Amino acid sequence: MKLFHLNLLYLLFCLPVVTIGPATAGFTYVLRNMANEQPIFLFSDFWDAFRQHWKQSLSYSVMWAVLAGVIAISLRFYIAGTETYPWMFAAVMLTLFVGFMLLLSSFYVMLMIVTLDLPLKAILKNALILAIVCLRTNLLTFLFSGMVFAFALLYFPYSFPLVLVILPAMGGFIICFNSYPGIKKYAIDPFVEAQAPADEPPDETLFRDEAPTSGE
């Protein structure tokens with residue numbers, strides 16, 4: 001029932017298209033807490049994360065839209081060019097690979113925005129690292145969440161009622177449930193260990209830009 005209410009809340013706040021980024025931050029924060037079985041106060045938690053993280057989430061959503069547009073245009077250009085220049089097939093494959101890695105890294109960006117106190121540049125770099133380091137988990141996340149969104153696209157407009165009711169929240173929950181353990185293992189736990197007494201040497205961490213702290 002909470003997923004249903006969160007889904008409606010998210011879609012409502014996404015209606016002014018410019019607020020999709022901050023709305024996704026609030027959406028992700030609530031889903032992260034659900035995945036970790038933490039208590040939630042649906043509207044207040046959503047709204048607090050919306051307000052607190054609107055700058056980074058908005059910047060990222062604009063960046064993601066631009067990159068997605070560039071990749072789509074590049075693919076169209078390279079695919080058309082393969083009829084005349086067969087070597088352009090390599091460019092098609094490279095563009096698909098870059099787009100896929102950006103998609104896998106997107107599983108982590110919003111989660112880190114609402115969890116860690118890091119600049120956006122560091123979050124993007126660390127998300128790309130996690131896309132590689134946690135590749136097996138990311139492929140499973142892509143498979144299961146992709147099935148949810150593929151169902152919505154393939155059966156649209158018949159799937160529209162389910163989009164309103166549950167599908168975005170279901171897909172988002174899968175992403176948060178699978179991706180948060182990677183952030184905890186490679187960002188949060190090493191930081192906590194680094195706060196141990198000096199005679200206990202901390203483990204190495206991938207996240208070197210700035211010490212992460214809770215964003216809650």
Side-chain angles (χ1 to χ4, degrees), residues 1-36 38-73 75-76 99-100 102-120 123-124 127 141-142 144-180 183 215-216:
M1 198 63 179
K2 288 183 178 179
L3 281 178
F4 166 70
H5 291 147
L6 176 62
N7 200 78
L8 292 180
L9 185 64
Y10 176 58
L11 294 178
L12 178 64
F13 273 77
C14 282
L15 285 179
V17 178
V18 71
T19 64
I20 288 177
T24 304
F27 181 68
T28 302
Y29 179 77
V30 175
L31 287 174
R32 186 206 70 183
N33 288 348
M34 284 183 178
N36 292 329
Q38 296 175 347
I40 61 168
F41 301 94
L42 189 62
F43 182 79
S44 61
D45 286 349
F46 181 96
W47 178 243
D48 288 346
F50 183 103
R51 290 187 302 108
Q52 184 176 354
H53 303 290
W54 73 269
K55 288 184 180 180
Q56 283 190 328
S57 58
L58 179 60
S59 298
Y60 173 65
S61 64
V62 172
M63 187 183 308
W64 173 253
V66 171
L67 287 174
V70 169
I71 289 172
I73 293 171
L75 276 176
R76 184 175 181 180
F100 186 63
L102 288 174
L103 177 62
L104 295 187
S105 67
S106 71
F107 295 162
Y108 296 93
V109 175
M110 282 295 180
L111 267 172
M112 286 196 284
I113 285 176
V114 302
T115 303
L116 306 176
D117 185 14
L118 288 172
L120 184 58
I123 287 175
L124 294 174
T141 302
F142 173 76
F144 289 111
S145 62
M147 289 171 61
V148 173
F149 294 114
F151 174 84
L153 290 174
L154 288 173
Y155 292 96
F156 193 84
Y158 304 108
S159 63
F160 184 69
L162 287 177
V163 172
L164 290 177
V165 172
I166 194 68
L167 289 184
M170 183 184 299
F173 182 83
I174 293 171
I175 292 171
C176 290
F177 184 84
N178 287 348
S179 302
Y180 183 76
I183 295 174
E216 301 177 21

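As the structure is a prediction and not an experimental result, all values here were calculated from the model. The first residue in the sequence is number 1, and the count goes up from there.
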Is the number of heavy atoms from other residues, nucleotides or ligands within 6.0 Å of CZ (F41) greater than 12?
->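 At most 12 heavy atoms, drawn from other residues, nucleotides or ligands, come within 6.0 Å of this atom.
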Do other residues, nucleotides or ligands put more than 12 heavy atoms under 6.0 Å from W64 CH2?
->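 Yes, CH2 of W64 has more than 12 neighbouring heavy atoms, counting only those of other groups under 6.0 Å.
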[X] versus [Y], closest heavy-atom pair with distance:
{"X": "L8", "Y": "L164", "answer": "CD2-O, 3.0 Å"}
{"X": "G26", "Y": "A49", "answer": "CA-CB, 3.7 Å"}
{"X": "A152", "Y": "V163", "answer": "CB-CG2, 4.0 Å"}
{"X": "F27", "Y": "P168", "answer": "CZ-O, 3.5 Å"}
{"X": "L31", "Y": "A169", "answer": "CD2-O, 3.9 Å"}
{"X": "T24", "Y": "M110", "answer": "CG2-CG, 3.9 Å"}

Could you check if a side-chain atom of [X] sits within less than 4.5 angstrom of a side-chain atom of [Y], using non-hydrogen atoms only?
{"X": "T141", "Y": "F177", "answer": "no"}
{"X": "V30", "Y": "Y10", "answer": "no"}
{"X": "F142", "Y": "F107", "answer": "yes"}
{"X": "L167", "Y": "N7", "answer": "no"}
{"X": "M63", "Y": "L67", "answer": "yes"}
{"X": "L111", "Y": "L116", "answer": "no"}
{"X": "T28", "Y": "I113", "answer": "no"}

With rounding to the nearest 0.5 Å, note down the distance linking [atom1] in [X] to [atom2] in [Y].
{"X": "L120", "Y": "Y60", "atom1": "CG", "atom2": "OH", "result": "9.0 Å"}
{"X": "F149", "Y": "L154", "atom1": "CZ", "atom2": "CG", "result": "13.5 Å"}
{"X": "L118", "Y": "M112", "atom1": "CG", "atom2": "CE", "result": "7.5 Å"}
{"X": "S145", "Y": "L103", "atom1": "OG", "atom2": "CG", "result": "7.5 Å"}
{"X": "I20", "Y": "S57", "atom1": "CD1", "atom2": "OG", "result": "11.5 Å"}
{"X": "L3", "Y": "L42", "atom1": "CG", "atom2": "CG", "result": "9.5 Å"}

Do the rings of F50 and W47 sit parallel, tilted or perpendicular, given the 30° and 60° boundaries?
->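 Correct class here is parallel.
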T115 and Y29: side-chain donor and acceptor closer than 3.5 Å?
->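 No, no side-chain donor-acceptor contact under 3.5 Å.
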